[in-house]
Amino acid sequence: MAIYKCTAFEKNGEKLLDEAIEANSDEEAKKLAEQLLAEKNLLDKTHRCVSPDGRLLLFHV
């Protein structure tokens, strides 16, 4: 398993979420990140999910 980072921000830069996600693949990490963001009502906020090697998997402004 690899550790991915999921973060969400307000427009002013305030960090709303900064969590690690363990997943077996990029696709699984993306799905888990979307679920986490939905649970916390952050899908409409600026957010991203990054792989352990720095690739951007999910991004929304």
Side-chain angles (χ1 to χ4, degrees):
M1 285 194 129
I3 297 177
Y4 297 78
K5 275 301 250 192
C6 182
T7 53
F9 303 89
E10 283 287 1
K11 297 283 184 199
N12 66 4
E14 176 189 354
K15 196 180 292 185
L16 301 172
L17 177 75
D18 186 8
E19 293 202 22
I21 297 172
E22 287 188 48
N24 290 314
S25 68
D26 291 351
E27 193 59 39
E28 180 183 3
K30 184 176 174 181
K31 287 179 186 175
L32 291 171
E34 288 173 333
Q35 288 174 355
L36 177 63
L37 291 161
E39 287 171 8
K40 298 190 180 276
N41 295 319
L42 297 172
L43 283 174
D44 291 333
K45 301 290 184 182
T46 300
H47 60 265
R48 67 181 175 209
C49 181
V50 182
S51 71
D53 61 0
R55 286 178 291 115
L56 193 58
L57 304 177
L58 178 66
F59 184 73
H60 173 77
V61 177

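Quick note: numbers below take in every heavy atom, side chains included, and nothing from hydrogens, waters or symmetry partners.
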Q: Mind checking the CD1-SG spacing from I21 to C6? Nearest 0.5 Å is all I need.
A: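 Between atom CD1 of I21 and atom SG of C6 there are 4.5 Å.
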Q: So do the side chains of Y4 and L57 get within less than 4.5 Å of each other, counting heavy atoms only?
A: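 They are in side-chain contact.
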Q: Quick check: does any side chain N or O of E28 sit under 3.5 Å from a backbone N or O of N24, one acting as donor and the other as acceptor?
A: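 Yes, E28 side chain to N24 backbone: donor-acceptor pair under 3.5 Å.
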Q: Please examine the side chains of L17 and H47, heavy atoms only from C-beta on, and report whether any two atoms are closer than 4.5 Å.
A: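 SC-SC contact between H47 and L17 ruled out.
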Q: What verdict does the side-chain contact (heavy atoms from CB on, under 4.5 Å) test give for H60 and L43, after you've listed the backbone C-alpha separation in whole Å, the side-chain angles of each residue and the deciding distance to 0.1 Å?
A: CA-CA 8 Å; H60 173 77; L43 283 174; over 6 Å; no
Q: For side-chain contact (heavy atoms from CB on, under 4.5 Å), just list the numbers for L42 and L37, CA-CA rounded to whole Å, side-chain angles, deciding distance to a tenth of an Å, and then say yes or no.
A: CA-CA 5 Å; L42 297 172; L37 291 161; 3.8 Å; yes
Q: Taking the side chain as C-beta and beyond, is there a heavy-atom pair between E19 and K40 under 4.5 Å?
A: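 Sidechains of K40 and E19: in contact.
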Q: Are there more than 12 heavy atoms of other residues, nucleotides or ligands under 6.0 Å from atom CG of D18?
A: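 Above 12, so yes.
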Q: Taking atom NZ of K5 as the centre, report whether more than 12 heavy atoms of other residues, nucleotides or ligands fall under 6.0 Å from it.
A: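 Yes.
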Q: If you round to the nearest 0.5 Å, how far is CD of E14 from CZ of F9?
A: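 F9 CZ to E14 CD: 11.0 Å, rounded to 0.5 Å.
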Q: As a test of understanding, state which of L58, L56, V61 forms a side-chain contact (heavy atoms from CB on, under 4.5 Å) with R48.
A: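 Exactly one pass, corresponding to L56.
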Q: Where is the tightest heavy-atom contact between C49 and A29, given as atom of each residue plus distance?
A: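 Distance-wise, the nearest heavy atoms are SG-O, 4.3 Å.
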